[in-house]
Peer 1: 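I have a structure here, written as structure tokens, and I will follow up with some questions on it.
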2 protein chains.
Amino acid sequence: MTNPKSEIFEQFAELARVLGQGNRLELLEHAAQGERSVERLAQLTGLSLANASQHLQVLRRAGFVRSRRDGKRMLYRLGDGPVIELLGALRRYAEHSRAEVRGIVSRYFGRLDSLEPVSREVLLQRLGDGGGVLLDVRPEDEFALGHLPGALNIPFADLERRLAELPKDTQIVAYCRGPYCVLSFEAVAALRAKGYDIKRLEDGFPEWKAAGLPVGTVIATPRPARSLSASAASSR
Amino acid sequence: MTNPKSEIFEQFAELARVLGQGNRLELLEHAAQGERSVERLAQLTGLSLANASQHLQVLRRAGFVRSRRDGKRMLYRLGDGPVIELLGALRRYAEHSRAEVRGIVSRYFGRLDSLEPVSREVLLQRLGDGGGVLLDVRPEDEFALGHLPGALNIPFADLERRLAELPKDTQIVAYCRGPYCVLSFEAVAALRAKGYDIKRLEDGFPEWKAAGLPVGTVIATPRPARSLSASAASSR
DNA sequence: TGGTCATTCAATCAATAGCTTGACTGATTG
DNA sequence: CAATCAGTCAAGCTATTGATTGAATGACCA
């Protein structure tokens, strides 16, 4: 392999291989919500600690995530290259050419129309018009790390209990961690069954942020307070 | 893995794994030039026949290529999903986060400015103004399968011999199989050393075609004549 | 219908990847 | 400074992947 072309392709392939593992894609999605410790990421994905740690290092070597030390914990966040763009291209390709993907979605969440969600542009326009409620169904701690401005946070787990906060007369747009985050699919299914006019946002929080759009945070924490925010991070 | 989210991620990962192999990426680039037999693709990539065949089948299962039978040969061409878009995203990510990629390019082809090529938009505008020559340095058979309209085809191997066909006073834009096709890099390096004003097009032929821009062909062959075109396909 | 050509299939082998376990390191806390 | 906590490292095991070889298929041609 002294051929420069093969070397280049080998570099590309190396990156693709890193994405070629479901667990790593899942870790990546969680890291894209904001900084998280290894333990939390392991917990969220259901992986063993050592396994998660190893996968995170693979992701880091490829630049998909970055890490920093905060006391005795290691915090991982999304890398700063066009990671979301790459994942988006992968998703769009999968939606186009893999019947399985569309199949899974419709099998679990019914209607194919879940695949025709509201785009960022439409959302921006609709919110500008004053109509509509934007609903963030992620756990509180993820919401706190960053969310779409003006969004109402009702974690999916609390949805039943807090129905009163949602209007029945205007359209609701729900979003969560990414285009395939189950929470928003389930929220749409559940609320639609109850007669709400609700649609899913095509993107999740990371895509919004990657597009350079404004992001809200609960408390302005340029460098999150150590033990405080850590102990708050426990919902879902 | 009965979890729909994991299933989706597993689907994505499966696709990424298919791209996670340099040989397959190389086959894909060649298939993107136009329909090619397994034998030709094996030849172009230097793989054994059986090996190429197997890789092509992996690519086909993932929808990256399609195949059809033509007599006793099997012709593979690019699939019809957003393949080029996905590869483009991978390339842009690699350029951003892999020093190795930039390193290889500058190590082999000198100047980093090879990484700042002419974009499609700039090319279109420049050609519209009437200035500039567009140079296709791919082998003749690939040129015949499709090329940018108005391009002059001088295969890289013939470049030295056919220098007279190139103007010294106007800017030349060279392209070949894709953003990292070595031919155009080498053509730029060689001609620049001889005093020509030459730049590389950012894209190659497949990207141009994928963008829906017009494509020229040497002979209009909706279904290429069997033995004729096969025997013509033999350069480089 | 037998021979040939292009490709695929099947078997095999070495190399690699993913996961687990238990030991190790580095920072904090009492 | 020992104990603890968070994460990483190293070793080992199994499953998967990529490549090779030779046999099998499918289409054409004489």
Side-chain angles (χ1 to χ4, degrees), chain A residues 1 6 9-10 13-27 31 35-62 65-77 225-231 233, chain B residues 1 6 9-10 13-28 31 35-62 65-77 225-231 233-234:
Chain A
M1 287 287 168
S6 306
F9 279 128
E10 199 37 58
E14 219 166 276
L15 293 174
R17 268 198 300 272
V18 172
L19 298 183
Q21 228 277 3
N23 289 335
R24 280 199 288 265
L25 291 179
E26 213 165 332
L27 281 167
E35 275 190 328
R36 293 245 110 94
S37 69
V38 178
E39 190 178 31
R40 192 85 224 288
L41 288 166
Q43 198 180 101
L44 286 164
T45 51
L47 299 177
S48 77
L49 193 70
N51 195 11
S53 170
Q54 277 163 189
H55 279 311
L56 286 166
Q57 284 171 72
V58 172
L59 285 168
R60 184 174 53 194
R61 257 174 263 134
V65 298
R66 335 186 83 210
S67 63
R68 72 179 177 94
R69 218 191 176 91
D70 173 45
K72 45 182 151 177
R73 53 187 34 172
M74 208 64 174
L75 299 179
Y76 282 85
R77 66 180 184 286
R226 271 199 301 256
S227 26
L228 257 172
S229 67
S231 60
Chain B
M1 287 288 166
S6 307
F9 279 129
E10 200 37 59
E14 218 167 275
L15 293 174
R17 268 198 300 272
V18 172
L19 298 183
Q21 226 278 3
N23 290 336
R24 281 199 287 265
L25 291 178
E26 214 165 330
L27 282 167
L28 199 47
E35 275 190 326
R36 293 246 110 95
S37 70
V38 178
E39 190 178 31
R40 192 84 225 287
L41 288 167
Q43 198 180 100
L44 286 163
T45 51
L47 299 177
S48 78
L49 194 69
N51 195 10
S53 170
Q54 276 163 188
H55 279 311
L56 285 167
Q57 285 171 71
V58 172
L59 286 168
R60 184 175 53 194
R61 257 174 264 136
V65 299
R66 335 188 83 212
S67 63
R68 71 180 177 95
R69 209 172 234 304
D70 172 45
K72 48 181 150 180
R73 53 186 35 172
M74 208 65 175
L75 299 179
Y76 281 85
R77 67 180 184 286
R226 271 200 300 256
S227 25
L228 257 174
S229 68
S231 61
S234 58

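Throughout, protein chains are lettered first and strands after them, A, B, ... in sequence-line order, and every chain is numbered starting at 1.
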Peer 1: Looking at every non-hydrogen atom in both residues, tell me the closest pair between B:Val18 and B:Arg24 and how far apart they are.
Peer 2: O-NE, 2.7 Å
Peer 1: Can you sort out the partners of A:Glu14 under side-chain contact (heavy atoms from CB on, under 4.5 Å), two or more places apart, ordered by chain and number?
Peer 2: A:Arg17, B:Arg98
Peer 1: Which residues satisfy the side-chain hydrogen bond (donor to acceptor under 3.5 Å, both in side chains) test with A:Glu39, sequence neighbours excluded?
Peer 2: none
Peer 1: Side-chain contact test, heavy atoms from C-beta onward, threshold under 4.5 Å: evaluate it for A:Glu35 versus A:Asp70 and give yes or no.
Peer 2: no
Peer 1: Is any side-chain N or O of A:Ser48 closer than 4.0 Å to OP1 or OP2 of C:dC19?
Peer 2: no
Peer 1: Could you tell me how far apart A:Phe9 (CZ) and D:dG18 (C1') are, to the nearest whole angstrom?
Peer 2: 18 Å
Peer 1: Please report, rounded to the nearest Å, how far the P atom of C:dT8 is from the CG atom of B:Leu59.
Peer 2: 12 Å
Peer 1: Can you find a side chain N or O atom of B:His55 that sits less than 4.0 Å from OP1 or OP2 on D:dA19?
Peer 2: yes
Peer 1: What do you reckon, is CZ of A:Arg77 surrounded by more than 12 foreign heavy atoms closer than 6.0 Å?
Peer 2: yes
Peer 1: Which letters describe nucleotides 3-13 of chain D, given B = protein heavy atom under 4.0 Å from base, S = only from sugar-phosphate, - = neither?
Peer 2: --BSBBBB---
Peer 1: Return the set of residues passing side-chain contact (heavy atoms from CB on, under 4.5 Å) with A:Thr45 (not counting sequence neighbours), or none when no residue passes.
Peer 2: A:Glu26, A:Leu27, A:His30, A:Leu47
Peer 1: Might you point out which heavy atoms bring B:Ala42 and B:Ser48 nearest each other, and give the distance in Å?
Peer 2: CB-O, 4.2 Å
Peer 1: How many Å lie between CD on B:Glu10 and C1' on C:dA17, as a whole number?
Peer 2: 13 Å
Peer 1: B:Asn51 side chain N/O closer than 4.0 Å to the phosphate oxygens (OP1, OP2) of D:dT21?
Peer 2: no
Peer 1: Partners of A:Ser67 by side-chain contact (heavy atoms from CB on, under 4.5 Å), sequence neighbours excluded?
Peer 2: A:Arg60, A:Met74, A:Tyr76
Peer 1: Quick one: B:Glu14 CD to D:dT17 C1', roughly how many Å, whole number?
Peer 2: 14 Å
Peer 1: Take the protein atom CD of A:Glu26 and the nucleotide atom P of C:dC19, then report the distance between them rounded to whole Å.
Peer 2: 12 Å
Peer 1: Tell me the interatomic distance from B:Gln43, atom CD, to C:dT7, atom P, rounded to whole angstroms.
Peer 2: 11 Å
Peer 1: B:Arg24 side chain N/O closer than 4.0 Å to the phosphate oxygens (OP1, OP2) of D:dG18?
Peer 2: yes
Peer 1: Testing the basics here: between A:Ala13 and B:Gly22, what is the closest heavy-atom pair and its distance to 0.1 Å?
Peer 2: CB-N, 3.4 Å
Peer 1: Check the distance between C:dA27's C1' and A:Arg68's CZ and give it to me in whole angstrom.
Peer 2: 15 Å
Peer 1: What is the distance from CG of A:Asn23 to C1' of C:dG18, rounded to the nearest Å?
Peer 2: 9 Å
Peer 1: To the nearest 10°, give me the bend of the helix from C:dT1-D:dA30 to C:dG30-D:dC1, comparing the axes of its five terminal pairs at either end.
Peer 2: 10°
Peer 1: Has A:Gln21 got a side-chain N or O lying under 4.0 Å from the OP1 or OP2 atom of C:dC19?
Peer 2: yes
